[in-house]
Amino acid sequence: MLTIPFIRANTELTIQGLTKKHVANAAEIVNQLLAMDDDRKALLQQAEALLEKSNAAAKEIGALMQSGQKELAEGKRSETAALKSTIKEREEAAKLAEKAMLDLLVTLPNLPHSSVPQGKTAEDNEITFTWGSLPTLAADAQPHWDLIKKYDIIDFDLGNKITGAGFPVYKGKGARLQRALINFFLDEAIQAGYYEIQPPILINEDSGFGTGQLPDKEGQMYVTKEEGLYLIPTAEVPITNLYRDVIVNEKELPIKNVGHTPCFRREAGSWGAHVRGLNRLHQFDKIEIVQIHMPENSYAALEEMSKHVQGILQKLGLHYRVLRLCGGDMGFASALTYDMEVWSGAQNRWLEVSSVSNFETFQANRLKLRTKVDGKSILCHTLNGSALALPRIVAAILENNQGPDGIKMPDVLVPYTGFTHIN
RNA sequence: AGAGGGGUGUCCGAGUGGUUUAAGGAGCACGCUUGGAAAGCGUGUGUAGGUCUCAAGCUUACCGAGGGUUCGAAUCCCUUCCCCUCUACCA
């Protein structure tokens, strides 16, 4: 979330940024927020003044008791007892004012970086780079949902039986391809200096708050009935939350972590056209990279992460493009996001396979993730990106590499799969 | 899951209602000392908020978390989380 001191010092900038992200009535909300903070401070001061008085009196009573002046102590006691209810009342008022302010503050998205294009929908995203060329496919090229049936490698019907829609079962070479991709992606990340983490895939409420899923987006996550734990929508949540309530030594920065996890998304209400086959699932595997930086280095890190993801796509020989998301299409917590999309040969459309973002201090403020500069604590910058999500990569490989002898595996993957073709 | 014991600062650790303004030790930083180091001596060493032009200062909260009792809570009570031991179960 944004910080009040920042909003106070950069009120105009804040309003402009929120407007770019299509927050309605940004100016009104910001002014209300500042008024609420003034309110909070005033109430806090009242409460603290009374507390100071009461603390002093309690200390006096203690001293009187010790020196045996019981009568005096008793008198003082009844005097200060009267303060109690007023103090409690003011403390509660201050607490309520703070909560009201925070409740509003957490609803505000992060401010977009100055390079973020204006715009409302995916149409307004800016294409910054395109690599490779359209695959040449036979006229009878099939979409992946037909190919997986033809080769019997991914089974939606079985998934329906044991769980429900959107939970496919990977079989035989389909399962082995999954495992190959996971290992390939992890190895690529490790080679690029990332440290591997295997986090829990259920998280508590504090973690959901730390990275911005909660409050507000609980509808997108599965939750366990008894414990109230959430199934992670992405490894970003547990891996970033490792640093919740942490003051990291500047010498330990940058932190570069990678982890593979299954990801769970309810995708409530988002089913319809364009979501056939592997395009959108309730459960899928993803390798996630997370970085933590000194503020001045975070944008260089974002470029590095983008290059890392692109390097993998190039090794896989997938035609892709890079988008700089516009204000209306970017995520709640992000300041700048690049999406990578691969070309899906038989669907004739681009599929998003990665999203890399710089959150600047937005998550760090929620997490209380700080470092020290000249003895003062400052918020770190957090970044993350998919490197990569599996299902759409699988869809693209299947569709783009189909031929008369089956589906040819990209060369880099063969050492991992142990086979050259799915046939 | 049941019974019992715990959770104090960067770490160890004392503290069962009132100079706790959290003892003591270790570590760390700086200074003195030294040819240099060690030892020794001295000083300092948390987070967040408020006040303040800045700094200093003052002030509030924080002893796992939340609530309560009290003039006053690390200390007493309740709830909850986590750790340890034993039992049970299990891969």
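The sequence lines fix the lettering, A, B, ..., with proteins before strands; numbering per chain opens at 1. Remember, predicted model here, so these are calculated numbers, not experimental data.
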Euclidean distance for P, B/rA22 against B/rU10 (whole angstrom):
14 Å
Residue pair A/D285 / A/H260, side-chain donor-acceptor N/O under 3.5 Å
yes
Ion pair A/E304/A/K256, N-O distance below 4.0 Å
yes
For a quick check under 3.5 Å, do A/R266 and A/Q220 share a side-chain donor-acceptor pair by atom type?
no
If I take atom CG in residue A/L369 and atom P in nucleotide B/rA48, what distance separates them, rounded to the nearest angstrom?
13 Å
B/rA23 - base-pair partner by Watson-Crick or wobble geometry, distances under 3.5 Å
none
Interatomic distance at P, B/rG27 relative to B/rA39, whole Å
8 Å
Rounded to whole Å, how long is the line connecting atom CD1 of A/I87 with atom C1' of B/rU70?
13 Å
Atom-pair distance (CD on A/E48; C1' on B/rU60), nearest Å
4 Å
Nearest-nucleotide check on RNA chain B, A/S377 vs A/A63; residue mapping nearer the 5' end is A/A63
Flag for A/E236-A/Q363: side-chain donor and acceptor within less than 3.5 Å
yes
Ordered by number, residues from residues 49-60 of chain A within less than 4.0 Å of RNA chain B (heavy atoms) are A/L51, A/E52, A/N55, A/A58
Under a 3.5 Å limit on both distances, the Watson-Crick or wobble mate of B/rC82 is B/rG6
Check step by step if side chain to side chain donor-acceptor pair (under 3.5 Å) holds for A/E399 and A/Q347.
CA-CA 8 Å; A/E399 292 182 10; A/Q347 298 181 71; 3.2 Å; yes
B/rC58 -> Watson-Crick or G-U wobble partner, both distances under 3.5 Å, gives B/rG50
Short side-chain N/O contact to B/rG50 OP1/OP2 from A/R40, under 4.0 Å
yes
Strictly below 4.0 Å: does A/K41 bring a side-chain N or O up to OP1 or OP2 of B/rG49?
no
Taken to the nearest whole Å, CD1/A/I247 to P/B/rG9 is 14 Å
Under-4.0 Å salt bridge between A/K315 and A/E188:
yes
Across all strands shown, which nucleotide pairs with B/rA29 by Watson-Crick or G-U wobble geometry, both distances under 3.5 Å?
B/rU43
Please state the P separation for the pair B/rG49 and B/rC41 - nearest whole angstrom.
39 Å
Under a 3.5 Å cut-off for both distances, is B/rU34 Watson-Crick or wobble paired, and to whom?
none
Looking only at side-chain N and O atoms, does A/E218 offer a donor or acceptor that is under 3.5 Å from a partner on A/Y230?
no
Is there a Watson-Crick or G-U wobble partner for B/rU69 with both distances under 3.5 Å, and if so, which one is it?
none
Does any residue of residues 92-102 of chain A have a heavy atom under 4.0 Å from RNA chain B, and if so, which ones, in number order?
A/K95
Within the side chain of A/H113, is there an N or O that forms a donor-acceptor pair under 3.5 Å with the backbone of A/S115?
yes
Would you mind reading off the distance between A/D206 atom CG and B/rG66 atom C1', rounded to a whole angstrom?
12 Å
Could you measure between the two P atoms, the one in B/rU45 and the one in B/rA23, and give it in whole Å?
12 Å
Check ion pair A/K41-A/D38 (N to O, under 4.0 angstrom):
no
Is B/rA1 paired to anything, Watson-Crick or G-U wobble with both distances less than 3.5 Å, and if yes, which nucleotide?
B/rU87
Without decimals, in angstroms, what is the distance between A/K88 NZ and B/rC71 P?
11 Å
Rounded to the nearest angstrom, tell me the gap between atom CG in A/D245 and atom C1' in B/rC82.
15 Å
Give me, pair by pair, the N or O atoms of the protein and of nucleotides 89-91 of chain B that are less than 3.5 Å apart, along with how far apart they are.
none

For A/K368, is the NZ atom crowded, meaning more than 12 foreign heavy atoms sit under 6.0 Å from it?
no
Is there a donor-acceptor contact under 3.5 Å linking the side chains of A/N125 and A/Y338?
no
Option from A/T11, A/L18, A/L13 for which side-chain contact (heavy atoms from CB on, under 4.5 Å) with A/I15 holds:
A/T11
Just by distance, no angles: are the side chains of A/T211 and A/R366 close enough, under 3.5 Å, to form a donor-acceptor pair?
no
Pick the P atom in B/rA56 and in B/rA48, then give their distance to the nearest Å.
14 Å
I'd like to check A/L278 versus A/R392 (side-chain heavy atoms, cut-off strictly below 4.5 Å). Are they in contact?
no
For nucleotides B/rA91 and B/rG5, find the distance between their P atoms and express it as a whole number of Å.
32 Å
Expressed as a whole number of Å, how far does the C1' atom of B/rA61 sit from that of B/rG66?
15 Å
In whole angstrom, give me the gap between the P atoms of B/rC58 and B/rA1.
50 Å
Could you say whether A/R77 or A/P5 is positioned toward the 5' end of RNA chain B, judged by the nucleotide with the nearest heavy atom to each?
A/P5
Round to the nearest Å and state the distance from A/L229 atom CG to B/rU80 atom C1'.
14 Å
Would you indicate which nucleotide in B/rC71, B/rU59, B/rA55 comes nearest to any side-chain atom of A/K376?
B/rA55
Taking only side-chain N and O atoms of A/R370, does any of them lie within less than 4.0 angstrom of OP1 or OP2 on B/rA48?
yes
N or O in side chain of A/Q45 less than 4.0 angstrom from B/rU60 OP1/OP2
no
Have a look at A/K368 and say if it touches a base, only the backbone sugar-phosphate, or nothing, with a 4.0 Å heavy-atom cut-off.
nothing
Test item: side-chain donor near acceptor, A/E227 and A/T224, under 3.5 Å:
yes
Remember a base hit wins even if backbone is also touched, and classify A/L44 as base, sugar-phosphate or nothing at under 4.0 Å, heavy atoms.
sugar-phosphate
